Visitor: 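Dumping the structure here so I can ask a few things about it.
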Amino acid sequence: MKKTTGTDRSVTAKWRPATQAVRAGTMRSEHGETSEALYLTSGFTFDSAQEVAARFAGDAQGMQYSRFKNPTVEMLQQRIAAMEGAEACLVQASGMAAMTSSLLSMLSAGDHVVAGRAAFGSCRWILDNVLNRFGITHTAIDGTDNAAWEAAVQDNTKAFFFETPANPTMDLVDLEFVCGFARSKGIKTVVDNAFATPVLQRPMDFGADIVAYSATKLMDGQGRVMAGAVCSSQEWIEETLSPFQRNTGPICAPFNAWVVMKGLETLPLRAPAQSANALQVAQFLEDRGLRVLHPGLPSHPQHALTQKQMVAAGPIFAFFAPKAGDAGKEQAMAICNALELIDISNNIGDAKSLICHPATTTHHNMGAEGRAAAGIEDGMLRINIGLEDPLDLIDDLGQALDRVGL
């Protein structure tokens, strides 16, 4: 590969996904390094005052300041954009920075958002506790109900915001219908695709305007760094998101960007393998008599939609302790405590299997009423299946269930 090949979108757009994950966005220095260079620098020097003036005026290409642009970060952005099939991408300090900047960069006082009720706890917190302080209202709906999206639209609705599959209920939103309806009304769709990544689902193929990620999850894939990403059209990135990000500063550190790039190289291998492992483990739990929410299982109410818009259902799913209320919470925690191989952790997307109790961790700040409305029960457990042998994971879950009398 020549030094400039990786940044030529007319070339990288023709590559298949696995090649894009390894090669797209690569910029080689004059040294011709094989691994992407890590530029740990806050600023850059210039040969003349005129040169830096031209760059700040936008009349010349090149780096100015790492809050604006950094070569390592730029490589990650180009790689994610190529994998997503997007014109452009900006990466951020975390997934929540990506979600927040996606919304705040384009919304103003008096605007209205329609959001899927089932979502990550911090996303709901942004809707409930940040946007309203700036005069931006929202309506939370059942995202699985197409008619609910239509009914919730107001004259001032500017954005649809949803996650599919949703965390942790595994609800799916019909991308083709919802994105198509939004476009017919001039409404922007912001899709949180962290559970799937572009390897398992590409929302823009179904008409989404903006796709946001916690790159901390599957993109890194090994629980190492925090990062986020937002993909959209070149125009929206340059005119809406970039000015907001440059001036408010939720940027991704070059080292974190480099680590995520290394993670992307193996993502097309990891995501399908972890998805296959998860389906095997989910089937075991269902056969054991537990209630399981996994979109890849025929028992999931949206199994057909999963097959339509996802390559695979992903490595994350939910299952339930049989008891209700506080007894269910105690039973769910007992299952966690009895595990010997699977770690208790609130992270997801890791190559190691992880489990958590959403009601007391990721979604505790929603309150009991909010969790009930979102379908998050006290006995619910969310599990991320990694790259271990699935039979070892099944053995671990089996002995844990035996120990708690299930």
Side-chain angles (χ1 to χ4, degrees), residues 117-125 163 165-172 194-195 217 223 274-275 277-297 299-302 313-350 352-386 388 390-406:
R117 186 181 299 134
F120 179 52
S122 292
C123 290
R124 288 297 306 272
W125 192 89
E163 179 181 18
N167 182 0
T169 60
M170 308 309 296
D171 289 349
L172 271 67
F195 267 36
K217 308 302 190 295
Q274 289 180 242
S275 296
N277 288 352
L279 187 58
Q280 189 172 346
V281 173
Q283 187 65 66
F284 160 77
L285 291 170
E286 190 169 74
D287 291 344
R288 185 80 179 229
L290 297 180
R291 181 159 58 101
V292 178
L293 290 177
H294 187 301
L297 291 174
S299 58
H300 192 280
Q302 295 174 290
I316 304 143
F317 65 91
F319 67 98
F320 298 80
K323 294 182 180 179
D326 288 340
K329 170 184 168 182
E330 292 177 6
Q331 200 171 37
M333 287 186 166
I335 294 170
C336 291
N337 293 340
L339 292 167
E340 297 174 348
L341 173 61
I342 299 168
D343 291 312
I344 301 172
S345 175
N346 57 288
N347 196 22
I348 53 172
D350 201 301
K352 302 177 183 67
S353 293
L354 311 172
I355 194 168
C356 80
H357 182 245
T360 56
T361 56
T362 56
H363 292 72
H364 76 96
N365 62 3
M366 292 175 62
E369 186 176 338
R371 288 193 298 273
I376 301 166
E377 301 176 21
D378 290 332
M380 174 185 278
L381 289 168
R382 188 194 68 192
I383 189 165
N384 168 87
I385 299 299
E388 304 95 341
L391 295 179
D392 287 327
L393 301 175
I394 287 170
D395 287 345
D396 192 33
L397 285 161
Q399 66 82 26
L401 294 173
D402 287 342
R403 289 171 62 181
V404 299
L406 295 174

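What you see is a predicted model, and the numbers here were worked out from it, not measured in a lab. Position 1 is the first residue of the sequence; numbering continues from there.
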Visitor: Name the atoms and distances for all side-chain donor-acceptor pairs under 3.5 Å in residues 396-406, with sequence neighbours left out.
Guide:
residue	atom	partner	partner atom	Å
Asp396	OD1	Glu340	N	2.8
Asp396	OD1	Leu341	N	3.4
Asp396	OD1	Gln399	NE2	3.0
Asp396	OD2	Glu340	N	3.4
Asp396	OD2	Leu341	N	2.9
Asp396	OD2	Ile342	N	2.9
Gln399	NE2	Ala338	O	2.8
Gln399	NE2	Asp396	O	3.1
Asp402	OD1	Arg288	NH2	2.4
Arg403	NH1	Ala338	O	3.1

Visitor: Within the structure provided, determine whether Pro168 and Ile376 are in side-chain contact (heavy-atom separation under 4.5 Å).
Guide: yes

Visitor: What heavy-atom pair brings Ile385 and Gln274 nearest, and what distance separates the two atoms?
Guide: O-NE2, 3.0 Å

Visitor: Mind checking the CZ-CE spacing from Arg117 to Met366? Nearest 0.5 Å is all I need.
Guide: 9.5 Å

Visitor: For residues Ala118 and Asp171, report the shortest heavy-atom separation together with the two atoms involved.
Guide: CB-OD2, 3.6 Å

Visitor: Which pairs count as side chain to side chain donor-acceptor pair (under 3.5 Å) when at least one residue sits in residues 367-378, sequence neighbours excluded?
Guide: Arg291-Glu377

Visitor: Do the side chains of Phe284 and Leu393 get nearer than 4.5 Å, heavy atoms only?
Guide: no

Visitor: Can you give me the closest heavy-atom contact between His363 and Ala119, atom names plus distance?
Guide: NE2-O, 2.9 Å

Visitor: Side chains of Cys123 and Glu163: does their closest heavy-atom pair fall under 4.5 Å?
Guide: no

Visitor: So, does Asn384 use its side chain to make a donor-acceptor pair with the main chain of Ile355 at under 3.5 Å?
Guide: no

Visitor: Report, one line per pair, each donor and acceptor closer than 3.5 Å where one atom sits in a side chain of residues 314-337; sequence neighbours left out.
Guide:
residue	atom	partner	partner atom	Å
Gln331	OE1	Lys323	N	3.0
Asn337	ND2	Met333	O	3.3

Visitor: Which heavy-atom pair separates Ala313 from Gly296 by the least distance, and what is that distance?
Guide: CB-N, 3.5 Å

Visitor: Just to verify, what does Asn167 make a side chain to side chain donor-acceptor pair (under 3.5 Å) with, not counting sequence neighbours?
Guide: Arg382

Visitor: Could you tell me whether a side-chain N or O of Asp343 sits under 3.5 Å from a main-chain N or O of Ser345, the two making a donor and an acceptor?
Guide: no

Visitor: Measure the spacing between CZ of Phe195 and CZ of Phe120 and express it to the nearest 0.5 Å.
Guide: 9.0 Å

Visitor: Starting at CG of Leu354, measure out to CG of Leu339 and round the result to the nearest 0.5 Å.
Guide: 11.0 Å

Visitor: Indicate yes or no for a side-chain donor-acceptor contact from Asn365 to the backbone of Ser122 under 3.5 Å, with no hydrogens or angles considered.
Guide: no

Visitor: Locate the shortest heavy-atom distance separating His300 from Leu172; write the atom from each residue and the value.
Guide: CE1-CD1, 4.4 Å

Visitor: Does Leu279 have any side chain to side chain contact (heavy atoms under 4.5 Å, CB included) partners at least two apart in sequence or in another chain, and if so, which?
Guide: His294, Leu297

Visitor: Tell me if a side-chain donor or acceptor on Asn277 pairs with a main-chain N or O of Gly386 at a distance below 3.5 Å.
Guide: yes

Visitor: Ignoring hydrogens, what is the shortest heavy-atom contact between His357 and Thr360? Give both atom names and the distance.
Guide: ND1-OG1, 2.8 Å

Visitor: Among all residues two or more places apart in sequence or in another chain, which pass the side chain to side chain donor-acceptor pair (under 3.5 Å) test with Glu286?
Guide: Ser299

Visitor: Test your reading of the model: is there a side-chain donor-acceptor pair from His364 to the backbone of Gly121, 3.5 Å cut-off?
Guide: no

Visitor: Test your reading of the model: is there a side-chain donor-acceptor pair from Gln280 to the backbone of Pro390, 3.5 Å cut-off?
Guide: no

